[in-house]
Structure formats: structure tokens, C-alpha cells
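All remarks here apply to the structure that follows.
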Protein chains: 4
Amino acid sequence: MTDAPLRKPVITLTAGPVQGYSEVLQAMARPLGYDYDPWFLGFYEAVAKKCAQALRWPEPALIVQAEPAVAIEAAAASVIGRRDVVLNLASGVYGKGFGYWSARYHKEMVEIEVPYDEAIDPAAVAAALQARPDISVVSVVHHDTPSGTINPLVEIGEVVHAHGAVLIVDAVSSFGGMDIHPADCHADVFITGPGKCLGGTPGVTFVAVSDKAWQKMEANPDCPFASILSLKDWKNAWRRDQPFPFTPSVAEISGLDAAIDLYLEEGPQAVWARHALTAAACRAGIKALGCELWAAREAIASPTTTSVKVPEALSDDAIIEIARQRYGVMLSIGRGETLHKLIRIGHMGPTAEPVYALVAVAALGGALKALGFPAKLGAGLEAAQAVIDAARG
Amino acid sequence: MTDAPLRKPVITLTAGPVQGYSEVLQAMARPLGYDYDPWFLGFYEAVAKKCAQALRWPEPALIVQAEPAVAIEAAAASVIGRRDVVLNLASGVYGKGFGYWSARYHKEMVEIEVPYDEAIDPAAVAAALQARPDISVVSVVHHDTPSGTINPLVEIGEVVHAHGAVLIVDAVSSFGGMDIHPADCHADVFITGPGKCLGGTPGVTFVAVSDKAWQKMEANPDCPFASILSLKDWKNAWRRDQPFPFTPSVAEISGLDAAIDLYLEEGPQAVWARHALTAAACRAGIKALGCELWAAREAIASPTTTSVKVPEALSDDAIIEIARQRYGVMLSIGRGETLHKLIRIGHMGPTAEPVYALVAVAALGGALKALGFPAKLGAGLEAAQAVIDAARG
Amino acid sequence: MTDAPLRKPVITLTAGPVQGYSEVLQAMARPLGYDYDPWFLGFYEAVAKKCAQALRWPEPALIVQAEPAVAIEAAAASVIGRRDVVLNLASGVYGKGFGYWSARYHKEMVEIEVPYDEAIDPAAVAAALQARPDISVVSVVHHDTPSGTINPLVEIGEVVHAHGAVLIVDAVSSFGGMDIHPADCHADVFITGPGKCLGGTPGVTFVAVSDKAWQKMEANPDCPFASILSLKDWKNAWRRDQPFPFTPSVAEISGLDAAIDLYLEEGPQAVWARHALTAAACRAGIKALGCELWAAREAIASPTTTSVKVPEALSDDAIIEIARQRYGVMLSIGRGETLHKLIRIGHMGPTAEPVYALVAVAALGGALKALGFPAKLGAGLEAAQAVIDAARG
Amino acid sequence: MTDAPLRKPVITLTAGPVQGYSEVLQAMARPLGYDYDPWFLGFYEAVAKKCAQALRWPEPALIVQAEPAVAIEAAAASVIGRRDVVLNLASGVYGKGFGYWSARYHKEMVEIEVPYDEAIDPAAVAAALQARPDISVVSVVHHDTPSGTINPLVEIGEVVHAHGAVLIVDAVSSFGGMDIHPADCHADVFITGPGKCLGGTPGVTFVAVSDKAWQKMEANPDCPFASILSLKDWKNAWRRDQPFPFTPSVAEISGLDAAIDLYLEEGPQAVWARHALTAAACRAGIKALGCELWAAREAIASPTTTSVKVPEALSDDAIIEIARQRYGVMLSIGRGETLHKLIRIGHMGPTAEPVYALVAVAALGGALKALGFPAKLGAGLEAAQAVIDAARG
């Protein structure tokens with residue numbers, strides 16, 4: 001156990017990048033399109049519209065040719081100008097992080113921060129907006145992945161909408177795994193990608209942008225152009241009669257195409273349901289093992305990631321190393337403030353299948369036992385399975 | 001011919017993105033690695049070292065998780081600071097474009113610009129450096145793809161090295177198709193990617209960075225961090241014991257791995273030879289057709305792209321549309337200043353095969369004839385084939 | 001040129017196995033189905049029905065889990081019994097070969113044989129059937145691939161139908177590349193596969209079997225069972241509620257699925273048209289080169305393969321070796337009786353594109369010139385292109 | 001639960017066809033080789049030699065272009081002639097089945113049959129051979145897959161070798177998953193394929209053939225030729241300077257190539273070890289669930305398949321349907337005589353990973369509970385995991 005394992009994991013149950021659906025992987029092997037070819041131009045337009053269909057958004061999605069963090073940085077750079085007062089909602093590492101990006105561009109930032117096992121209270125948002133009518137941009141992360149917790153986005157969106165600010169939403173690891181769409185939460189910039197709940201690759205992003213947000217960018221004198229940080233550059237790139245400002249990542253577009261197809265063909269309701277069931281089974285198993293969930297309340301535990309407190313005196317690194325070495329199961333540790341405090345089990349895309357809740361409980365339980373923690377393995381597995389049986393019996 | 005063609009092209013002979021090698025496409029279908037998985041960490045390190053081997057560079061390559069233009073923008077942002085005087089060498093659209101990025105960061109820019117069918121004269125570079133001893137950064141594009149012309153990079157590098165400035169080289173569409181490496185030209189930041197001559201995907205980039213360049217970035221107070229524009233963020237990301245600053249594009253890394261393997265296994269000399277032979281055959285065929293090469297002199301015509309002047313009164317769009325519609329062959333038009341002035345035929349990766357010179361001459365010749373230009377089709381093909389036969393007979 | 005080339009061919013223009021469509025290749029990478037899995041059972045049934053749709057046949061196709069020659073041997077073994085008098089129509093090596101298989105099972109065989117550059121005359125078939133009313137089975141090859149010639153199958157089928165014999169048709173290398181279906185020719189056993197004109201793999205076969213043929217097999221005391229030579233074993237295997245008699249080649253079924261999808265989506269008429277156009281362009285080019293077509297009359301030259309006489313004193317092996325070595329183009333030689341007498345250029349599936357006629361003429365012409373034959377290369381290419389231009393201009 | 005499930009299984013733990021390794025699936029997507037192409041000829045030879053290396057056999061393997069049952073039928077047809085007395089060893093459905101094939105060709109058959117949860121006793125073989133010195137061919141199945149039991153092949157081989165008969169071995173579902181090779185057991189025809197323990201596709205077979213067996217075929221007047229049932233036809237097909245008698249299944253050869261590479265690269269010892277550990281964990285879990293193993297003694301339970309008795313009054317179909325529907329786990333039922341009597345869990349290729357023993361126990365246990373059987377789920381899982389922990393702790 002001193003050497004790093006050299007074999008690939010048998011089963012990857014991480015909080016992303018996740019294992020992809022086989023259909024997505026095969027799509028990645030399609031011949032590469034040339035970005036001025038008329039067939040490719042039509043294909044790209046179709047993918048942008050297909051993303052919009054998944055997002056339930058009236059305009060073709062903006063496709064960003066890099067991973068979602070780039071799109072979030074670009075959103076900050078494009079939307080936030082030197083006269084903006086930003087309300088940043090931080091319930092976790094990613095929410096907190098947006099504030100640092102905002103700081104490069106804004107005039108001033110107001111921040112609501114809650115403990116990282118908690119969720120933002122919409123009433124607090126309303127109060128902050130009332131206190132500062134000059135807040136022009138609000139930023140929120142729906143599922144703060146390093147915590148595995150969900151913010152009440154619909155309610156927050158309602159409040160922001162009433163106020164009139166531009167709302168930037170990071171829905172990277174929630175969209176596709178639960179019932180959330182940009183219009184549901186009045187989002188103006190709603191960022192997500194195929195690399196989490198859609199079982200695709202992490203190297204591309206798609207975004208719903210409202211007219212209000214486009215106007216904000218147009219009016220922002222600091223909005224970048226001719227830059228990877230410019231959302232504006234790509235506004236019309238989906239049109240088959242428009243050239244691309246830079247080279248699109250053609251293979252990633254193929255994978256995105258397949259990921260969206262799978263989502264729409266299976267049916268969003270069905271996809272959300274298996275994410276939810278997998279997470280519910282996992283939480284039941286974890287608790288029956290004798291472990292504690294990280295989320296302060298189960299109601300805010302994500303259906304796409306289950307976070308488990310690291311039992312006292314144990315090492316997160318040791319836990320995942322044993323799960324990997326003995327069972328070939330790869331889990332995630334925390335990140336930033338949550339590092340060393342929790343273990344994360346992803347339920348995303350192809351791993352959002354109840355049987356993987358059993359695998360996760362077995363792997364985690366086995367690793368904990370190996371480290372001396374009295375995990376009730378049999379009880380954990382029976383509890384997880386009982387949730388599945390209740391739903392599918 | 002009024003409707004855009006709906007079928008995919010049969011043969012793509014563009015100046016990039018190019019068609020990929022089948023081995024690369026299959027590699028894109030590999031299961032997705034998790035970026036904290038120990039196997040993946042080791043794999044990433046191996047790929048970074050393999051890129052270095054191809055680059056003949058002593059340090060693992062810096063892998064940028066986006067297309068090469070992003071890496072070039074990031075190089076400008078990371079290297080150039082408010083006290084820098086930059087010498088920008090512009091022999092084409094891409095060279096000229098670097099100046100715009102530089103302008104965001106530099107104190108002052110000196111520019112040598114030549115007609116876009118010409119190459120930079122190393123003596124002019126020497127003169128400029130002598131005239132302005134305070135020049136601290138020099139930027140040059142090796143193969144300015146929109147022109148299909150090559151700059152004398154080794155000679156330019158020699159001059160810059162003697163001066164002591166940091167040299168930023170865009171070798172995106174030359175590396176892998178001809179004999180050039182960062183050490184050959186004293187480059188400090190040498191940017192290339194698999195999406196051109198290596199027959200890979202366009203969504204990832206690899207870069208050789210010298211110690212001098214790292215020190216320049218360290219000393220640059222304006223150097224970005226926690227940003228897609230920060231080269232520095234990723235400096236140590238190749239180390240298996242270091243976390244990634246952001247999520248790597250895991251599928252692209254698989255494709256890059258395969259592309260470099262192919263290059264090293266076939267042998268760089270052999271790869272360069274078939275690029276050179278294909279281009280030579282193509283040029284011979286184009287001239288015998290009765291067309292003119294774009295490059296002022298054949299000596300500066302790229303072995304990876306052949307640019308052909310659009311015959312007077314003809315439309316570049318019409319030419320490529322007919323080649324696409326009748327023969328299924330996709331060619332490139334120009335870009336920016338060279339738009340409407342030339343047609344480009346790529347010889348990159350899997351299309352750097354002499355038989356494709358015949359295909360290109362046939363498709364271009366047929367399209368020109370259809371538009372009334374008296375292309376000598378038979379003569380063109382015989383001339384191209386004669387070059388192949390002379391080399392391989 | 002003394003060593004065998006070690007690199008893969010650049011372009012394969014053979015008479016089969018052909019290069020596959022990329023969609024088929026990607027389908028081959030699908031996860032393997034388990035043959036008792038309910039999803040797989042439904043998938044298999046769907047593929048059998050899809051094949052029937054392509055065949056325009058009312059019953060699901062019989063899928064044989066091996067290459068077409070196995071299905072042909074099995075048809076002989078299953079249909080022909082010790083009391084059968086077989087009329088074998090031999091216009092080429094494959095037609096002749098069926099007689100050897102027939103001989104294992106039949107009581108007697110009548111054979112009509114014509115020179116291998118000729119086609120069977122339906123009137124001769126009618127005469128033979130009239131002379132021998134006891135003929136109970138007739139066998140014919142539609143496209144005798146080693147010759148590249150087509151028999152008048154519809155007319156032959158009419159005559160056989162009037163007589164009442166069971167008609168066994170080898171349509172392996174014609175179906176999908178031209179307008180022929182089992183009902184068009186009153187076939188009782190119509191054998192084809194994806195590995196030729198459908199751009200699929202050669203390791204699987206699909207067959208239309210008439211009720212009359214099934215009854216013949218039922219009544220045949222020598223019909224094999226529990227054997228790869230038994231067509232009967234698999235009669236009901238397509239039904240999702242029936243087990244397979246032996247293990248199906250699950251990956252091949254995936255490839256077949258994709259190949260049929262492509263054929264139906266592009267549209268059979270469109271597919272046949274590009275096969276015909278490619279062949280017509282190729283024949284024009286070959287003749288203008290100064291070569292002779294193998295087929296006695298152009299009317300019987302196959303739209304899926306062009307056979308060219310080897311010019312006197314030249315070696316077929318040398319010709320294809322040079323085409324392979326200089327241009328990376330792989331062509332076919334003859335087989336059996338036609339060996340050393342002809343060179344074959346396949347126009348099948350993805351290579352049934354007019355541009356490949358240009359490639360074939362260039363490669364063949366270049367090779368012939370290298371061997372001293374005065375091929376008029378320019379004229380050949382201009383002639384081939386003129387055919388394309390006339391059709392698509 | 002009345003409708004057949006429509007989604008693909010999440011995890012396939014069957015006794016073959018098994019899920020393939022991703023590397024094999026990607027290899028299936030390689031461009032199709034042309035069977036006369038010199039590159040392909042060299043590739044095929046290399047694969048035949050690589051198979052021999054895995055088999056530890058001095059001669060290149062014979063590759064049969066269809067699934068293993070075809071090769072077994074062909075072995076019977078090719079080896080057994082009208083003067084042969086065959087000793088058939090039947091410890092299961094497959095062993096028994098060989099007798100039916102033998103009956104088509106032999107003069108007489110002696111059979112040793114044991115209950116299908118038992119193994120053949122080498123002493124009984126010795127006695128039979130002593131009683132009938134005219135026995136010229138002996139046939140045995142190493143792992144009779146429908147029973148999940150292993151015969152003592154090395155000991156049987158010793159006895160047959162002393163006698164001098166030709167020994168035909170079906171090692172289809174044992175080779176690659178445990179320590180057995182043709183020379184270990186004095187096999188003359190040793191048949192296996194990639195579709196079981198090598199994690200490849202089921203549509204191709206490879207065979208070690210001894211000189212003695214080749215001579216037997218040469219001397220057999222009934223040995224088929226020009227037939228899929230002729231092993232002889234393909235004897236020299238591996239030589240790059242020899243044509244193929246029929247078209248090889250080119251895609252299957254690519255998959256075979258990858259499957260053997262994986263086996264050799266991981267190391268046979270390591271591969272066998274994970275098969276054995278997975279099976280041991282599975283058996284422990286099954287017993288702790290409260291179920292009975294099918295095998296009369298654990299010593300003859302296969303390391304590649306665990307067979308479990310169907311508890312009294314339960315339906316095998318119902319069990320696997322529930323496991324499939326609730327957990328997405330596909331298991332195998334029995335076949336022929338073992339149908340309705342057992343459930344089979346495959347440990348083959350990529351599923352020969354201990355974590356899948358946990359999955360199997362959970363899925364089987366859950367299904368049994370759903371049907372009213374008092375499966376001790378927690379105990380089962382703890383027992384299985386304890387075996388893994390003991391081995392890897």
C-alpha cells in the first residue's frame with residue numbers, strides 16, 4: 001500500500017470528471033470536422049440548439065470551448081464591470097471562489113457566507129438586496145461540489161429577479177442530475193457542462209445567456225473581446241453562416257452532442273429519478289454504516305454527490321487509497337476548506353445507478369474498517385439496498 | 001449548388017483542424033480518467049514527458065487545456081508586463097494578431113511587418129534589436145497559416161538569443177510537419193498542439209517554456225493567476241504528486257498521448273519527409289495547372305500548407321464550394337487580410353501523404369475549370385505525380 | 001521496392017473487405033451485449049428487421065454469424081439434398097465454386113459456364129430448364145467479384161420462377177451498391193453482407209429466405225442441424241423470446257446495425273447513384289489511360305468493381321505493389337482463373353465516391369508508367385473527371 | 001416487472017459473452033484491413049504468434065473466423081474419421097454435446113459421464129483407455145460453463161498422453177482465467193477464444209494444434225476442405241506469404257490482438273489471481289447469504305464462473321429478472337440439463353475484479369429476498385469482502 005496503484009480504477013465514483021457513457025466515448029472517436037465545413041457548421045448549430053432544448057431555453061446555447069471553470073471566469077470578466085456591486089453567495093469553496101474572480105472587475109462586493117455544510121437562506125439574500133439597492137450582479141453556485149450541498153436556487157432566483165440584478169449561476173454539477181433549468185431560477189448566465197451529470201467530457205461548457213445579460217456585456221466597457229474570457233466573441237458562433245472567432249474544440253462538440261442525445265432520449269425525469277434514488281440509497285447506507293453525512297440537513301444533500309464526514313482521527317487520503325487499492329473503487333476527497341474533512345461519492349451520469357450506491361458503501365465501509373473504524377458493513381449495505389427495493393420493488 | 005452541402009466531406013484537405021489519425025480518434029474513446037486518480041496522475045506526467053521528447057526539450061511540456069490560440073493569448077498575458085518593449089514580427093494575419101494581444105499588456109511595441117506573401121528578414125530583426133536595446137520580448141509566428149508561408153525561425157532565434165530578449169514562438173502549424181524544435185531557435189515559449197501536423201484534435205496545446213520565461217513570468221507583477229490566461233498556474237501540474245489547478249480536459253490528453261506516440265513511432269524524419277514531399281508534389285501540380293503560388297518565393301512556401309492565388313475575377317468561395325460539392329474535397333480559404341486572395345491546401349498529419357496532392361490538384365483544377373479558368377488538369381496531375389515518382393521510384 | 005511495405009495503406013480501393021464507414025467502426029466499439037440479456041434480444045430482433053427493410057423483404061433477415069462464404073456453403077448444405085438436380089450458373093470464379101459445394105450434396109448438376117468476362121444469358125437458362133424439368137435448385141452469383149461482371153439477375157430470376165426451382169443468389173458484392181433485392185429476382189435464398197457495398201465488416205452475413213426455401217430445407221433429410229452449416233438452426237433466432245442456438249457475434253451485430261442505418265438514412269437511390277457514378281468515372285479514366293476493361297461489354301461491368309486487363313507482359317503483382325508503395329493506394333488483383341489477368345478497383349461503401357475514381361486512375365496509371373506502359377495519365381484523369389463534372393455540374 | 005427491461009444492463013456479470021475491456025472495444029474500431037494488403041498480412045501473422053505466446057505454444061495459433069463452437073464442430077469434423085473410436089468425457093452440457101458432433105464422424109464412441117455438478121476422474125479415464133486400446137481420440141471440456149465446474153485436465157492429459165490418443169480440449173472459458181495451457185495437458189487440439197476470460201469478443205477463436213493432430217487430419221479421408229468445418233484449410237494462413245482460403249473477420253482480429261496484448265501486459269499470473277480472488281470472494285458471499293454452491297465440492301468450482309443452486313421453489317428466471325430490473329445487474333441462468341437448476345455469475349476478463357463479487361452477492365441476495373428467500377444479505381457481503389480484505393490487506 002506504499003506504492004501508488006498502477007492499474008486503472010475498476011469503478012470511478014467521483015464527483016467529476018466522471019466516467020462517461022459509452023455512447024459519448026464512441027462519439028469522441030468521430031472523424032474531426034473542419035470548422036469552416038458547411039456540414040460542420042450545420043452540426044454545430046444543431047448541437048447548440050439541442051443544448052438549448054435540454055436547458056429548456058429559447059435561444060441556442062453558448063458553447064464555451066474549455067472546461068466550465070473557464071466559462072465561469074469568463075462570465076465574471078464579461079458581465080462584471082468597474083461600476084458593479086456584486087452580491088456573492090458563498091456556501092462552499094466554489095461559491096467563495098467566484099468572489100476572487102469578481103474582485104478583479106467589480107467596484108464592490110457584498111458577500112453572504114454560510115458554513116460549508118449549510119445552504120444560503122433566500123431571506124438573507126432578500127435582506128442583502130434590500131440593504132443595497134445598488135447591487136447589480138448576484139452570483140450563486142447551485143451545487144457546491146466540494147461540499148455536496150444544494151442551494152435553494154429557485155427561491156434565490158425569485159428574490160434576485162424581483163430586485164432586477166443580473167444572476168450568474170454555476171449549475172455545472174447539478175444540471176442534468178436534478179430538476180433545474182435557467183428559466184426556473186431566472187438565471188441570466190447559467191453555466192453547465194457535460195462532464196458531470198450528463199456523463200460527458202469535462203473539456204467543454206454550455207451556457208444559457210439571457211438578453212439582459214447580453215445587454216449587460218454590451219454595456220460593459222471592460223468586457224473582453226478577442227479573448228478566451230469573452231463570452232461575447234462567441235455569441236453568434238452557433239449560426240451556420242457565421243465564422244467562429246477561434247477554433248472550436250471539434251471532438252468535444254461531438255461528445256457533447258452524444259451526451260445531450262442520451263439525456264433527451266432517456267428522458268430528463270428518468271435521469272433525475274435515478275440520480276435521486278442512487279443518492280438516497282447511498283445516504284441510507286452511509287448512515288447505517290455508522291458514518292455521518294456532511295450536509296447539515298439531508299434536505300440540502302445533493303442528489304448528485306454524497307459527502308461523508310471523515311470519522312475522527314482518520315485520514316481522508318488513507319480511506320480513498322484503501323478503497324482504490326482493495327476494491328478498485330475511486331472516490332473523491334474534499335477541496336480547499338473541505339479538504340481532509342469529507343469523502344465524496346459522485347452519482348453522476350452513468351454512475352447515477354443505484355447499484356453503485358452499494359459499491360460505494362461497500363468500498364467506503366471496507367476502507368473504514370481497515371483503518372479501525374467500526375463500520376457496520378452489512379447493515380450499511382442492507383440499508384442502501386432497502387431504499388432501492390422500496391423504489392423498484 | 002445553392003444549398004449548402006449536407007453530406008460530410010469525403011476528404012478534408014484543410015489547413016486545420018485537420019482530419020485525425022484513426023489511432024487518435026480511437027484514443028479519444030478511452031474511458032475518462034479522474035484527475036485525482038493516481039493512475040491518471042501518472043498518465044498525465046507521462047504525456048507531458050512524451051511531448052517533451054517530441055519537442056526535444058529537457059523539461060516536461062506545459063499542457064494547456066484549450067486550443068492553441070488560448071495558449072498564445074495566455075503567453076502574452078503571462079510574459080508581457082507593463083514595462084516590456086515588445087518586438088512583434090508580422091508576416092501574416094497571425095503574426096499581426098499577436099500585436100493586438102501584446103497591446104493589452106506591454107509598455108510599447110516595435111513591429112516589423114512584411115507583405116503577407118513574404119517572410120521576415122533576420123537582418124531586419126537584428127537591426128531593430130540594435131536600434132532598441134530595451135526590447136525585452138520578441139514574438140514570431142513560424143508558419144503563418146493564413147498565408148502558408150514560413151519565417152526563417154532558426155536565424156531569427158539566433159539574433160534574438162544574442163540580444164537576450166524572451167522569444168515567444170507560435171509553431172502551431174509547423175511543429176511535427178518539419179524540422180523545428182524550441183532549442184533549434186532559442187525559443188523561450190514555444191507553442192504547438194496536436195491539431196495540425198500531428199493529426200490530433202485542436203482542443204489542447206502543449207508548450208515548451210524555458211527557465212528564462214518562467215523567471216520572466218515570476219517577475220511580472222501583471223502575470224495572471226487562478227486564470228485560464230495563467231501559464232504559471234499549470235507549471236507543476238505535470239508532477240504526479242501535485243494537484244491540477246483546474247480540471248484538465250481528460251479526453252484531449254488521451255488524444256494527445258496517441259498523437260505523440262504516432263509521431264515518435266513513425267519517426268520524425270519520416271513524418272517531415274512525407275509532409276515535404278506532399279507539398280512539393282502539390283506545388284508542382286498547382287503550377288502546371290496554370291495557377292500561381294501565393295508565396296513570393298517557393299523557398300518560403302510551407303511544407304504543411306500550400307497557398308494558391310485565386311485567379312483574377314474568380315471567387316474563393318465558389319472554388320471551394322465546387323470542390324466540396326463535386327468531389328467531396330474540403331479546402332480552406334484565406335483569413336483576415338488573405339481572405340478572398342488565396343485557397344489553402346493543408347498537408348498535415350494523415351493528409352501529408354503524396355496521394356492527397358493528386359486529390360487536391362484534381363479538386364482545385366476541376367473547380368477552376370467549372371468556373372471558366374483554363375486549368376490544365378492533365379498537366380497538373382502529371383506534374384504532381386512526377387514529383388512523387390521521382391522521390392519514390 | 002524489394003521489401004514489403006510496412007505502413008498501412010493510405011487509401012484502400014479494393015473489392016472487399018473494404019474500408020468501413022467511420023460510423024460502423026465506432027459501432028464496433030459499443031459495449032458487448034450478452035446474448036440472453038433482454039435488451040440485446042430486442043436489439044437483435046430490431047437489426048434483423050432493419051436488414052429486412054433494406055432487403056425490402058417481408059420477413060426478418062436471417063443473420064449468419066460468419067462471413068458470407070460460410071452462409072453460401074451453408075445454403076448449399078441446407079437446401080441441396082441427395083435428390084436434387086442443380087443448375088449452376090458460372091460466369092466467374094465464385095459461380096464456378098458453388099458447383100463444388102453443390103457436388104457434396106446434389107444428385108446431379110447441370111452447369112452453364114460462360115467466359116469469365118461474360119454474363120449468363122437468360123435464354124440459355126430457360127433452355128436448360130426446359131431440357132431438364134427435374135432441375136430443382138438454381139444457383140447464381142449476381143456480381144462475380146473476381147471478374148467484376150454482373151449477371152442479368154432479374155431476367156434469370158424470372159425464368160427460374162416460371163420453372164419453379166429454388167433460386168440461390170449470391171448478392172454479396174452487389175446488394176447495397178445497385179438496385180437489386182430478393183423479390184426483384186424471385187430469389188429464395190438471397191445472401192449478402194455488410195462487408196462490401198454497405199461499408200461494414202466482413203465477418204457477418206444476412207440472408208433473405210423464402211417460405212419455399214424454408215420448406216425445402218425442412219423436407220431435406222440431409223439438412224444439417226446443430227451446425228454452423230445449418231441455416232435452419234437460426235430460423236427463429238431473431239425472435240426476442242427465442243434463445244440463440246449458438247453464440248451470436250455480438251460486436252458484428254453492432255456493426256451491421258450501423259451499416260444498415262447509414263444505408264437507409266442516406267437513401268438507397270443516393271447510395272446506388274454514387275456507386276454508379278464512381279464506376280462510370282473510373283471506366284472512362286481507365287480507357288483514356290489506354291487500358292482495356294476486363295468486361296466483354298461495358299453494360300456488364302459492375303458498378304461496384306472495375307476490372308482492368310493487365311497489359312501484355314506486365315505483372316499484376318508489380319502493378320499493385322507500385323501503387324501501394326508510391327501512392328499508398330491498395331488495389332486488388334484477380335482470383336483463381338482471373339489471377340494475373342486483371343486488376344480490380346473496388347467502389348464499395350465509403351469508397352464509392354467519385355473522387356476515388358480519380359485516385360484509382362492516378363495510382364494505376366502511375367504504376368503502369370513506372371513499368372514502362374505508356375499510360376496517358378493526364379488524359380485518364382481528365383476523362384474520369386469529365387464524367388463526374390457532367391453528373392454534378 | 002411484466003415488461004422486459006428496455007434499458008441496457010448497468011453491469012454484466014454473465015458467463016459469456018462478457019463485457020469487453022475498453023481497449024478491446026477501441027481496437028474493434030480500427031480501420032478495416034484488406035486481407036491481401038501486405039500490412040494486414042504481417043499483422044495477422046503477428047497476432048497468430050501473439051496468441052501462441054499466450055498459449056505458450058511453439059507454433060502460431062490457428063485462428064478460426066467464427067465463435068468457438070464452430071471451431072469445436074470443425075475439430076470434430078476434421079479430426080474424427082470413420083475408423084476412430086472416441087472417448088468422450090462428459091461432466092456437463094458442453095462435454096455431452098461434443099458426443100453428438102462426434103457421432104457424425106466416428107466409428108464408435110465410449111463415454112464417461114458424471115453428474116453435472118461433478119468432475120471426471122482421471123482414474124476412470126485410465127481405466128476406459130485400458131479397456132479399449134483402440135480409442136484413438138479423447139475429448140474433454142476443461143470448464144463446462146453451464147455447470148461452472150472444472151475437470152482435472154492436467155491429470156487427464158497425462159493419462160491420454162500415455163495412451164497415445166489425440167486429445168481435443170475445449171478450454172474456451174478457462175484459458176486466460178486460470179493456469180492452463182495446451183502443453184500442460186498434452187492437448188493436441190486446444191480450443192479457446194477471447195470472448196470469455198480475455199475480455200474480448202465472442203466471434204473469433206484461436207486454437208493450438210499439435211503435429212500429431214495435423215497428421216491425423218491429413219490422414220483422415222473424411223477431413224473437410226474448402227469448408228468452414230476444415231481446420232486444415234487455414235493451417236498456413238498465418239504466413240504472410242500465403243493467401244487466406246476465405247475472408248478473415250478482420251475486425252475480430254483487431255479485437256483479438258488487443259485482448260492478447262492486455263493479457264500479456266498485465267501478466268498471466270496477475271490475471272489468474274484476480275479471477276481466483278473474485279471467485280473465492282463470490283463463493284464465500286454466496287454461502288454466507290445462505291445459498292448453496294452448485295459444484296459438489298468447492299475444489300472443482302471454476303475460478304471463472306460461480307454456479308449457485310436455485311433455492312427450492314424459486315424460479316431462476318424470476319431471480320435474474322429482478323436482479324436485472326432492480327440493480328441493473330445481468331446474471332446467467334443454466335443451459336440444457338442445468339437450466340432452472342442454477343444461477344451463474346461470471347468472473348471473466350474485466351469482471352474478474354473482486355468488487356464485482358460484492359455486486360453479484362448484492363444483486364443475487366436482493367433478488368432472492370424479493371422472492372421470499374431469507375437471504376442474509378449483510379452477512380453475505382461481509383463474507384465476500386472479508387476474502388478480499390484478507391488477500392489485499
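These numbers come from a predicted model, not from an experiment. So that the names make sense, note that chain A is the first sequence line, chain B the second, and so on, each numbered from 1.
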Legend entry - P245(B) versus chain A, the contacting section by heavy-atom distance below 4.5 Å: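 When you check distances to chain A, only backbone atoms of P245(B) fall under 4.5 Å.
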Legend entry - Side chain, backbone, both or neither of S22(B) within contact of chain A (heavy atoms, under 4.5 Å):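 When you check distances to chain A, no heavy atom of S22(B) falls under 4.5 Å.
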Point-to-point distance, once rounded to the nearest 0.5 Å, from [atom1] of [X] to [atom2] of [Y]:
X: I343(A); Y: T338(A); atom1: CD1; atom2: OG1; answer: 10.5 Å
X: M109(B); Y: S102(B); atom1: CE; atom2: OG; answer: 6.0 Å
X: L256(A); Y: I63(A); atom1: CG; atom2: CD1; answer: 5.5 Å
X: Q65(A); Y: I253(A); atom1: CD; atom2: CD1; answer: 4.5 Å
X: I345(A); Y: T14(A); atom1: CD1; atom2: OG1; answer: 11.5 Å
X: K196(B); Y: T305(B); atom1: NZ; atom2: OG1; answer: 7.5 Å

Inset, instruction - Assess the side chains of S227(A) and E73(B): does a donor N or O sit below 3.5 Å from an acceptor N or O? - result: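 The answer is yes; a qualifying pair exists.
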Inset, instruction - Would you confirm whether D316(A), through its side chain, and K341(A), through its main-chain N or O, come within 3.5 Å as a donor-acceptor pair? - result: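 Side chain of D316(A) to backbone of K341(A): no pair is present.
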Side chain, backbone, both or neither of [X] within contact of chain B (heavy atoms, under 4.5 Å):
X: L331(A); result: backbone
X: S254(A); result: neither
X: R30(A); result: backbone
X: P202(A); result: side chain
X: T201(A); result: both
X: P68(A); result: neither
X: V18(A); result: backbone
X: A226(A); result: both

Legend entry - Aromatic plane relationship, W101(B) with F98(B) - under 30° parallel, 30 to 60° tilted, over 60° perpendicular: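 F98(B) vs W101(B) ring planes: perpendicular.
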Go through [options] and name the one with the most non-hydrogen pairs under 4.5 angstrom from chain B.
options: P31(A), G33(A), A251(A); result: P31(A)
options: A29(A), P9(A), S332(A); result: A29(A)
options: V24(A), I333(A), L41(A), L25(A); result: L25(A)

Legend entry - Top contributor to chain A interface from T12(B), D35(B), D37(B), I320(B) [non-hydrogen pairs under 4.5 Å]: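 It is D37(B).
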